[in-house]
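First up is the structure itself, then whatever we jot down about it.
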Amino acid sequence: MVGFIDMDCFYVAVERARDPRLLGKPCAVVQYPTGQRGRPDLRPEDDRWRTGGPMGGIIAVSYEARARGVTRQMSGAEAKKVCPEVILVQVPTAFGKADLQIYKDAGDAVVDLLASRCDATEKRSVDEVAIDITGAAEHLLASRAAAELGAAASAATHLADSALSVDAAKVTRSSARQGHDKQQSRDTSELADGWEEVLRRAASDPVAWRLIAGAVVVKELRQQVESTLGFTCSGGVATNKVLAKLGCGLHKPNQQTLLLPHAAPVLLKDLPLDRLPGLGGDFGQAVKSRFGVQSAGELLQVPRPDVLKQFPQRGEWLLALAAGDDSAAEAVKDRQLVKSLSNGKTFFGEKRLRSLEEVDYWLGELTGELHRRYLQQVEKHQRTPSTLQVSLTLDQKEHLTRQQPIQLGSQGTPEQILQTAKACARRAGAVSGVISLGLSLSNMIPLEASSASLSKFFGRKSEGAASKEKGEKPQEKAKAKPKEANLLGACFARAAAAQRASSDQQKAPEVDEGVLAELPLNIQQEILRELGQEPKLKKLRCDVVEIDA
Ligand code: TTP
Ligand code: CA
Ligand code: CA
C-alpha cells in the first residue's frame, strides 16, 4: 500500500518557517536574476525581500497570493501589478547562482521524518515522497478499533470517486499544477459524501480496510510533519504509486485523498491522459492522436488488439496504466544514495562562453557548491567520490565529456576539485561557444574503501589515515614525503592516461543522461531543447532538481 506526500507551496513554506512575518501573507519566491556576474551573493540569513530591480521569475506562490491572481510564470513586476501587497523573497545565492540548499535540507527532513514510520520512502522530487505504508497500516489494524479508524479516516480524507474529486480529475496537467477551485475547495459536506457506504462495504473487504487504515497513517504523518517541521502537505493513498500520486493532487493544500480500488475506474474515466506518468509529453500526444482519445476512459474503449498493434512495446503497460492497475506502477523504492553530485549552468545566446578563461571562471563558481555537497556526503554517509567529470555543450550542439580519477578522501579542497576540472576542460581541446557547462563527482566509494585501496597500493596505511593518527594534516604529510606523493601522482597519472585513451575516442553524440538527470529540471529542458532533443520524460524527474544531496 502506497502513500504519496506533496508539500504545499514548498519553497514559500520553507521561507515561512525561517521568517514568520510571511505567515498568512500573499508571498512568492522569485529566482535570482541570471547573467549578473559579480553580484554579491545573498545568503539564506540575509534580507532577501525584493521590492524592485532585476529579479528572476516566480517559482513558488503562497495560496494567499494565488487567490489574488499571482501565478508561477509571472515576473516579480507582473505579480506586483496583480497583487501590490505580495511579498517577493529571492532564493539565496552562492557562488554566483541559485543556492537551493535550504529547500533541499527541508525536503530531506521531511523524508527522514516519514522514514521513521514507513517500510520504504522514495523521494520523487524536492518536495514529493512516495511511502510504503503497508506495515504501519497493519499495525494500526491490529492495535485500534475498526470504528475508531473509520472515524479518523473519514473525518480527514476525500474519496477519489466523490463528485468533487471526479471534477478535480477532469482538468489537464498544466491546469492541475496551477491549482483550481475544485482542487482547493474545503467543502466539508463533500468530505462526508460517500463515506458511510464505503465503511459499510469495507466491513467485508479487507483490502479496503487496509487502505482506510493507510489513510489514518498518512493523516498522522502529515500532522507530524506539520507539528515537527512546520510545513503542511497534501497526501494520497492507494494500492500503487501512480494512483497515490494522482489522489494526492486532487485536493490541496493541506488535504488528503483515498483512492479505493472500486473508485479507480470512476476517477480515471474522464482523466486527461497527460495526468498519467509518462503521458505528459510526446508519447502521450502520439497516443491521443493515434486513437483520437483524450482521457484514460476513452483509451480503454479502444479495442485491445488495436492498441497492441500500434504500440507493440508499450501497449500492455499503457492499457494497465489507463486502468490504474498495480502492474503499471513500480514498487516504492527505498531511499537511494545519490550516484553522483552535479552542478551545471547554461550560457545561451550572447552569454555563451568564448574562452578558456571564462570556462575556468565558471568552473570555479560551480566548484564551490559541489565541494560543499561533497563534504555533506563525507559527513552524512561516509562516502567520497572517485571520479570527476566535466561536460561541455558547444553551440554546434556537440557535447563533450571528459573525466578523470580524483582522490578527495575526507578532506578534499575546492582547489583540488577546480584543478582537476580545469585539467579535464583542457583535454576537451579548443573551446569556443560553450552553451552549457557541467561538473560532476561520481563513483562514490565508502571512505574506508578509499583509504583501503591506497593502503593496498602502498602496502600500508594511507596518507590521510596515517597522518590523522599523529594529528597532522594530510597535506603537510604529503609535503614531508615527496617520494610517496610522486608515487601517488604517478598512480593517478597512469589511471588518467588510461581513462583519457578510452574517453577521448567517444565524443558523446548526445547528452550524458546521468549527468543531465542531476541538473535542475529547467536546465535539463533548456539543454535538450538547445540540442534539438525533446525532453525525455522517463529520464527527467517530474519536478525538480537533484535527489538527496
Ligand atoms: P511544486 O510541488 O510543483 O509546487 P509548490 O510546492 O510550490 O506548490 P503546490 O502547493 O501546488 O504543490 O514544486 C515544489 C517546489 O519546487 C516549488 O515550491 C518551487 C520549486 N519549483 C521550481 O523551482 N521550478 C518549477 O518550475 C517548479 C514546478 C517548482
Ligand atoms: Ca508541492
Ligand atoms: Ca511537487
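Note that ligands are numbered from 1 as they come in the structure, with each ligand's atoms numbered from 1 the same way. Bear in mind that the values here come from a model prediction, so they are computed numbers and not experimental data.
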Between [Y] and [X], is the closest basic N to carboxylate O distance under 4.0 Å?
X: Arg16; Y: Glu64; answer: yes
X: Glu15; Y: Arg48; answer: yes
X: Glu122; Y: Arg124; answer: yes
X: Lys123; Y: Asp108; answer: yes
X: Asp19; Y: Lys25; answer: no
X: Lys80; Y: Glu85; answer: no

Taking the minimum heavy-atom distance to [atom], which of [options] ranks first?
atom: atom 28 (C) of ligand 1; options: Gln73, Arg72, Met7; answer: Arg72
atom: atom 8 (O) of ligand 1; options: Arg66, Glu15, Gln31; answer: Arg66
atom: atom 14 (C) of ligand 1; options: Thr232, Asp127, Asp8; answer: Asp127
atom: atom 21 (N) of ligand 1; options: Val126, Ile59, Asn254, Leu100; answer: Ile59

Show me which atoms of ligand 1 lie under 4.0 Å from any heavy atom of [X].
X: Cys9; result: 5 (P), 6 (O), 7 (O), 8 (O), 9 (P), 10 (O)
X: Phe10; result: 5 (P), 6 (O), 7 (O), 18 (O)
X: Tyr63; result: 9 (P), 10 (O), 11 (O)

- Name whichever N, O or S atom of Asp6 ends up nearest to the Ca ion (ligand 3).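 Relative to the Ca ion (ligand 3), the closest nitrogen, oxygen or sulfur of Asp6 carries the name OD2.
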
- Task: Measuring from the Ca ion (ligand 3), name the closest N, O or S atom belonging to Glu128.
- Result: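 Considering only N, O and S atoms, Glu128 comes nearest to the Ca ion (ligand 3) through OE2.
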
With a 4.5 Å cut-off on side-chain heavy atoms, are [Y] and [X] touching?
X: Phe4; Y: Val237; value: no
X: Cys9; Y: Tyr63; value: yes
X: Lys182; Y: Val171; value: no

- Task: Would you please indicate yes or no on a ring centroid separation below 6.0 angstrom for Phe10 and Phe231?
- Result: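 Phe231 vs Phe10: aromatic centres under 6.0 Å.
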
Under 4.0 Å, heavy atoms only, figure out whether ligand 1 is touched by the backbone of [X], its side chain, both or neither.
X: Lys252; result: side chain
X: Val61; result: neither
X: Tyr103; result: neither

- From the Ca ion (ligand 2) out to just under 3.0 Å, does an N/O/S atom of Met7 turn up?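 Of the N, O and S atoms in Met7, at least one lies under 3.0 Å from the Ca ion (ligand 2), which means yes.
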
- For the Ca ion (ligand 2), which N, O or S atom of Asp127 is at the shortest distance?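 The Asp127 atom nearest to the Ca ion (ligand 2), restricting to N, O or S, is OD2.
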
- If we only count N/O pairs under 3.5 Å, is Glu128 in contact with ligand 1?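 In fact, backbone or side chain, Glu128 has no N or O that close.
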
